[in-house]
Amino acid sequence: MTRRPLAAILIAASATLVLAACSSGGSSDTGSSDDASASGYVTEGKFTVGTGEPAYFPWVIDDAPESGEGFEPAVAYAVAAQLGFDADDVVWVRTTFDQAIAPGPKDFDVNLQQFSITPERAENVDFSSPYYETTQVVITVEGSPAASATSIADLKDLLIGAQVGTTSFDAIESEIAPTAGAQVFNTNDDAKLALQSGTVDAIVVDLPTAFYLTGAELDGGKIIGQLPATTGGDEFGLVLAKDSPLTADVTAAVDALREDGTLDELATTWLGGDAAPLLD
C-alpha cells in the first residue's frame with residue numbers, strides 16, 4: 001500500500017476543516033430563516049399577501065394588486081400600515097382559491113379572495129374578523145321590464161329568479177315576494193342565462209357576484225339595487241395559516257379600520273356604493 005506524504009495529509013485535513021466551517025455557516029443561515037418563521041411572517045420585514053390568479057374587477061383593478069387599486073389591495077395596504085409596514089414592504093403572491101383554504105403551510109401571511117368565513121373552512125385555516133359583509137342585490141339587463149324598477153313594489157309583478165338553496169333565493173321570497181313566486185335555478189350560471197334570454201326579468205345574487213356579472217358577464221348588465229340588510233349576507237375575512245401567530249394582530253388591524261370608518265370608505269370608493277342603492 002502506498003503511503004501519502006505528511007504534507008498531503010495536513011492539506012486534506014485543513015480542507016476538511018474549511019468545509020466543516022462552511023457547513024456550520026449554512027446552518028446558521030437556516031437558523032436565521034427559522035427565526036423569521038417564528039415571528040409569524042413568511043419573510044422577516046415583509047408583509048406577504050396572497051390573491052387569485054387572475055384577480056377580478058372590482059376587487060382588484062387590471063389584475064395588478066401591487067398598484068393598490070381595487071377594494072382588496074386597498075384593504076391589504078391599509079392592514080399593512082396598521083401593522084407597521086410601508087407600502088414597499090408589501091409582497092404579493094398568487095394562489096388558487098382552494099389552495100389558500102386548504103390545510104397546511106402557506107406562502108403568504110394573509111390572503112384576500114372574497115373568502116366567506118365558515119366553520120368548515122375555519123377547521124383548516126384562520127380568519128381575521130370580517131373586512132366586508134355582502135348584501136343581496138337585484139340585477140337585470142337593459143331592455144328588461146325590470147330595468148326601470150326603483151323599488152321592491154316595482155318588482156312584485158315581474159319574474160325574479162335565483163339559485164335554489166341560497167340566501168339570494170330566500171331574499172326573493174322574504175323581501176320581494178313576487179306574485180309568480182321565486183323562479184328556481186340550479187346555479188347562478190343558469191339564472192344568468194335565463195336573464196339573458198328573457199326567461200326572467202331579473203335575478204338576485206350577492207353583491208360581489210352582482211358586480212362581476214354586470215361588469216364582465218352580461219351585455220347591458222345593470223344593478224337595480226340592494227335588498228334590505230335584514231336578509232343577511234356573507235362575511236369576508238383575511239385567510240391566515242391555521243393557528244398563525246399573526247391572527248390576533250391582523251384581526252386587531254381590521255377592527256381598527258372598521259371602527260375608524262376606513263373600510264366603509266374603501267368599499268364606497270372601489271365597490272361603488274352609489275351603484276347599488278338600497279331598495280325599499
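By the 4.5 Å heavy-atom criterion applied to side chains, Val42 and Val91 are not counted as neighbours. Residues Ile176 and Val204 form a side-chain contact, since some pair of their non-hydrogen atoms from C-beta on lies under 4.5 Å apart. For the pair Ile172 and Pro178, the minimum side-chain heavy-atom distance is below 4.5 Å. Looking at heavy atoms from C-beta onward, Val110 lies out of side-chain contact with Val79 at the 4.5 angstrom threshold. Contact check for Val250 versus Leu83: side-chain heavy atoms found under the 4.5 Å cut-off. Under the 4.5 Å side-chain criterion, counting only non-hydrogen atoms from C-beta, Leu263 is in contact with Val254. With a 4.5 Å cut-off on side-chain heavy atoms, Lys222 and Ile139 do not count as touching. Two residues are said to be in side-chain contact when any heavy atoms from C-beta on lie closer than 4.5 Å; Ile152 and Leu227 meet this criterion.
Asp63 places a side-chain N or O within 3.5 Å of a backbone atom of Ala55 that can act as its donor or acceptor partner. Not a single donor-acceptor pair under 3.5 Å links the side chain of Arg94 to the backbone N or O of Thr51.
At a threshold of 4.5 Å between side-chain heavy atoms, the hydrophobic network of Ile, Leu, Val, Met, Phe, Trp and Tyr places Phe127 and Tyr132 in two separate groups. There is no path of hydrophobic side-chain contacts, each under 4.5 Å, that joins Phe169 to Ile224.
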Item checked: Full working for side-chain contact (heavy atoms from CB on, under 4.5 Å) between Thr140 and Asp201 -> CA-CA 7 Å; Thr140 190; Asp201 303 314; 5.5 Å; no

Next item on the list: Let me see the working for Phe97 and Phe115 under side-chain contact (heavy atoms from CB on, under 4.5 Å), right down to the final yes or no.
Entry: CA-CA 8 Å; Phe97 190 96; Phe115 295 105; 3.4 Å; yes

Next item on the list: Please lay out, stage by stage, how Thr48 and Asp109 fare under the test side-chain contact (heavy atoms from CB on, under 4.5 Å).
Entry: CA-CA 5 Å; Thr48 305; Asp109 298 320; 3.6 Å; yes

Note to self: Using the rule given for side-chain contact (heavy atoms from CB on, under 4.5 Å), can you reason through Trp59 versus Leu271, listing the C-alpha separation, both sets of side-chain angles and the distance that settles it, and then say yes or no?
What the structure shows: CA-CA 8 Å; Trp59 306 100; Leu271 299 183; 3.8 Å; yes

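A donor-acceptor contact under 3.5 angstrom links the side chains of Ser197 and Thr199, judged on distance only. Defined by atom type and a distance below 3.5 Å, a donor-acceptor pair is present between the side-chain atoms of Thr262 and Asp260. Inspection of the Glu72 and Tyr131 side chains reveals an N or O donor paired with an N or O acceptor under 3.5 Å. Checking Ser67 against Asp62 by side-chain atom types alone, no donor-acceptor pair falls below 3.5 Å.
Taken from CD1 in Ile117 to CD in Glu235, the straight-line distance is 5.5 Å, to the nearest 0.5 Å. Note that CD1 of Ile203 and NZ of Lys192 are 9.0 Å apart. Values are rounded to the nearest 0.5 Å. In this structure, CD on Glu133 lies 10.5 Å from OG on Ser116, to the nearest 0.5 angstrom. To the nearest 0.5 Å, the span separating CG on Asp170 from CD on Gln136 amounts to 9.0 Å. Here Tyr77 contributes atom OH and Asp89 contributes atom CG; the two are 10.5 Å apart, rounded to the nearest 0.5 Å. Separation of atoms CD (Glu259) and CG (Leu257) is listed at 9.5 Å; rounding is to 0.5 Å.
Tested against Val205, the residues Thr134, Asn188, Val138 include a single side-chain contact (heavy atoms from CB on, under 4.5 Å) partner, Asn188. When each of Tyr56, Phe71, Trp270 is paired with Ile61, the side-chain contact (heavy atoms from CB on, under 4.5 Å) condition holds for Trp270 and for no other.
Across Val137 and Ile223, no two heavy atoms sit closer than the pair CG1-CG2, 3.5 Å. Looking at every heavy atom in both residues, Ser129 comes nearest to Asp255 through OG-OD1, 2.6 Å. Here the closest non-hydrogen pair linking Lys106 and Val125 is CE-CG1, 4.0 Å. Closest approach of Asp88 to Lys46, counting heavy atoms only: O-NZ, 4.0 Å. Nearest approach of Ala100 to Thr95, heavy atoms of both residues: CB-OG1, 3.7 Å. The minimum heavy-atom distance between Val141 and Asp219, with the atom names listed, is CG1-O, 3.8 Å.
Checked against the 6.0 Å centroid threshold, Tyr41 and Phe85 count as a close aromatic pair. Between Phe57 and Phe211, the ring centre distance reaches or exceeds 6.0 Å.
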Scan the side chains in residues 237-249 for donor-acceptor partners under 3.5 Å anywhere in the protein, sequence neighbours excluded, and list what turns up.
unit_1 : atom_1 : unit_2 : atom_2 : d
Lys242 : NZ     : Ala122 : O      : 2.5
Ser244 : OG     : Leu246 : N      : 3.0
Thr247 : OG1    : Asp126 : OD2    : 2.7
Thr247 : OG1    : Ser244 : O      : 3.2

